[in-house]
Amino acid sequence: MLDVTNMSCGYGAVLAVDDVTFQVPDGQMVALLGPNGAGKTSTVMAIAGHVEMFSGSIALGGRDLAGTGPAGRTRAGIGLVPEGRRIFGDLTVAENLLVGSYTRSRAEARDAEADALALFPRLRERYDQRAGSLSGGEQQMLAMARALVSRPSTLLVDELSLGLMPAVVHQCFEALAALKERGVSCLVVEQNTEVALRYADWVCVLAASKLIHSGPAAEVRGNPGFVETLLGLSVDRAGA
Amino acid sequence: MFHLELLTVGLIQGAMYAMMALGLTLIYGLLRILHIAHAALFTLGAYAGVLAANAGLGLLPAAIVAVAIGGIAGPLVYVAIYRPLLDKPPYVALIASIGLLIALEDGFRLVFGPYGLSFDNNPWFITGWMIGGIYLNAVQAAIAVTAILSIAAFTWFARRTRAGVAWRATVTDPAMARTFGVEPDRVRIMSFAIASMLAAVAGVLIGLLNNLVEPTMGSIIAYKGLAIIVLGGLGNVPGTLVAALLLGVAESFGQTYLDQVLDRDAIAFLVLIVVLMVRPQGLFGKAG
């Protein structure tokens, strides 16, 4: 279980996320929605240890992650699929997976790689190709596989669907659903509300650095306009 | 036959440049620092080699001593000079690097004297063979063999070992590599060690080739190294190797045919200027 409690984070003097609290329970998928600049990516990067936390706490499986660097968090069970994928374009698929499993022993890495390739068979076909030469969808799969080979308990996926064809987006979400079955929990940041609601168990909405909604996905499923409605409400409230 | 000889001599000179420039481009690719003081490690290697050899070691053990000293000194330079400046703009490190080169050159002058040292016994200098009608002495042969072996070893390291792959990942995206447990500082120390070992062995070989080790022997090479890595497309390893060989050959032909007009070093910088006018991104750099 990932516990984010009263967390504020940002860059230097700039507050990007203000006093946010939510959980990602084991084996569940939580969708983090909201407009551009709301603080979704900052939240993910703070959990991964890349953005400075000003106050509050982030804990994984009851263990406080304060003072743990990005590599320590990967060891602790956080798997990061960052915005823009950020695969190592000059390395082959195999080499990207090798770096992904750097925190694990060779034997563990081999098993984890076999599992990841079973989930994304396309990557097996591309195994010795330069990652930079893959299609957008394949690169996204590689970014997910690279995170998976570190054997995370919680996967952070930022903007999975960005720039991908709908069929590929579904393939990637199906993979996340399969991982959920194996007990891997997942925090997904999505612009594509409709897809996120179809797969998520719980929905959080960020706007202007604040958490403005947190509730079961079932309540709002089939109503992908609810985020806009919420935003409209929050704007009204701010104006009142 | 004459041209073949010029080509051979040029390629050997180019191979020596390649050993120097490979280290420079590795460090540039990783830290975006133009490591001018690399040339001081070249000179340090040459002094270590000549002192060890004159102390009675054979040439090969002396070269190994020089490489070991380079492998220790390079990381020390990183830790003492560059690491504290990593958060500063790149020109700060560049100025520090130029300062370090000058300081070390004067240090060599103070400690070992201004006139340079020669090898008491340099059998490689006087041993030679006619190969296909071209005369090569053993030092030239050693430069060619060492360059090929060291570049092959480096390629093997970068492609086939976990540490090498991690190093390449760090060059591409340091923050992501760190996320997956690759410690960037360790990668940097390793890069300085590898680069400085290459510089040290190149220094020993040039000391043997000229049978002279002097405090300023690195100066010209420092700037030629920069010319080469710019020609090769900054941070581009294969491009750097090709640019080094091209420069060696251009110098060797230019020295013969433009002798009345320009000296060897002027030719090198003329090549640099002409190439950069035509291709500002370098011969093998990506445009834009």
Side-chain angles (χ1 to χ4, degrees), chain A residues 12 44-45 47-51 68-106 108-110 112-113 128 130-132 139 142-143 145-152 155-156 158, chain B residues 22 25-32 83 86-89 154-191 229 232-241 281-282 284-288:
Chain A
V44 164
M45 293 310 261
I47 296 169
H50 286 283
V51 167
T68 306
R73 294 183 193 209
T74 299
R75 279 188 200 97
I78 298 278
L80 176 64
V81 184
E83 187 179 21
R85 301 162 199 137
R86 291 175 70 173
I87 53 157
F88 303 112
D90 291 334
L91 275 58
T92 64
V93 167
E95 289 168 342
N96 269 273
L97 297 178
L98 187 156
V99 175
S101 62
Y102 213 68
T103 51
R104 304 290 163 210
S105 74
R106 274 161 209 259
E108 285 173 321
R110 225 177 353 256
E113 187 187 281
D128 288 316
R130 251 186 90 243
Q139 292 193 6
L142 177 58
R146 182 182 62 177
L148 286 173
V149 290
S150 69
R151 291 272 189 226
L155 209 52
L156 312 174
D158 197 354
Chain B
L22 179 60
T25 211
L26 288 181
I27 288 166
Y28 183 83
L30 200 58
L31 293 172
R32 307 282 140 180
R83 190 159 68 186
L86 283 180
D87 297 335
K88 305 277 191 295
F154 172 75
T155 308
W156 175 83
F157 162 78
R159 300 274 153 196
R160 293 277 174 263
T161 66
R162 260 166 84 93
V165 172
W167 168 75
R168 283 163 52 223
T170 305
V171 172
T172 313
D173 190 337
M176 283 311 293
R178 189 163 150 242
T179 297
F180 294 112
V182 181
E183 193 46 63
D185 204 51
R186 205 175 297 166
V187 171
R188 292 182 198 130
I189 286 175
M190 192 173 71
S191 297
I229 66 171
L234 286 164
N236 177 339
V237 171
T240 298
L241 299 182
Q281 69 273 33
F284 307 97
K286 290 175 191 132

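Residue numbers start from 1 in every chain, and the chains themselves are labelled A, B, ... in the order their sequence lines are given, proteins ahead of strands.
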In terms of heavy-atom contacts, B/Ala175 and A/His50 come closest through O-CE1, 3.5 Å
Please name the pair of heavy atoms, one in B/Gly181 and one in A/Ala71, separated by the smallest distance, quoted to 0.1 Å. CA-CB, 3.6 Å
For the backbone of B/Thr179 and the side chain of A/Thr74, can you confirm whether one donor and one acceptor N or O come within less than 3.5 Å of each other? yes
What's the separation between atom [atom1] in [X] and atom [atom2] in [Y], rounded to the nearest 0.5 Å?
X	Y	atom1	atom2	answer
B/Phe180	A/Asn96	CZ	CG	8.5 Å
B/Arg178	A/Tyr102	CZ	OH	15.0 Å
B/Met176	A/Ile87	CE	CD1	10.5 Å

Which of these, B/Thr170, B/Thr172, B/Val182, sits in a side chain to side chain contact (heavy atoms under 4.5 Å, CB included) with A/Val99? B/Val182
Looking at A/Arg146, A/Arg73, A/Arg106, which one has more heavy-atom pairs under 4.5 Å with chain B than the rest? A/Arg146
Going by heavy atoms in the side chains, are A/Phe88 and B/Asp173 under 4.5 Å from each other? yes
Using side chain to side chain contact (heavy atoms under 4.5 Å, CB included) as the criterion, list what pairs up with A/Arg104, not counting sequence neighbours. A/Glu108, A/Arg151
Who passes side chain to side chain contact (heavy atoms under 4.5 Å, CB included) against A/Glu95, sequence neighbours left out? A/Leu91, A/Thr92, B/Val165, B/Arg168
If I measure from the heavy atoms of chain B, does A/Thr103 come under 4.5 Å with its side chain, its backbone, both, or neither? both
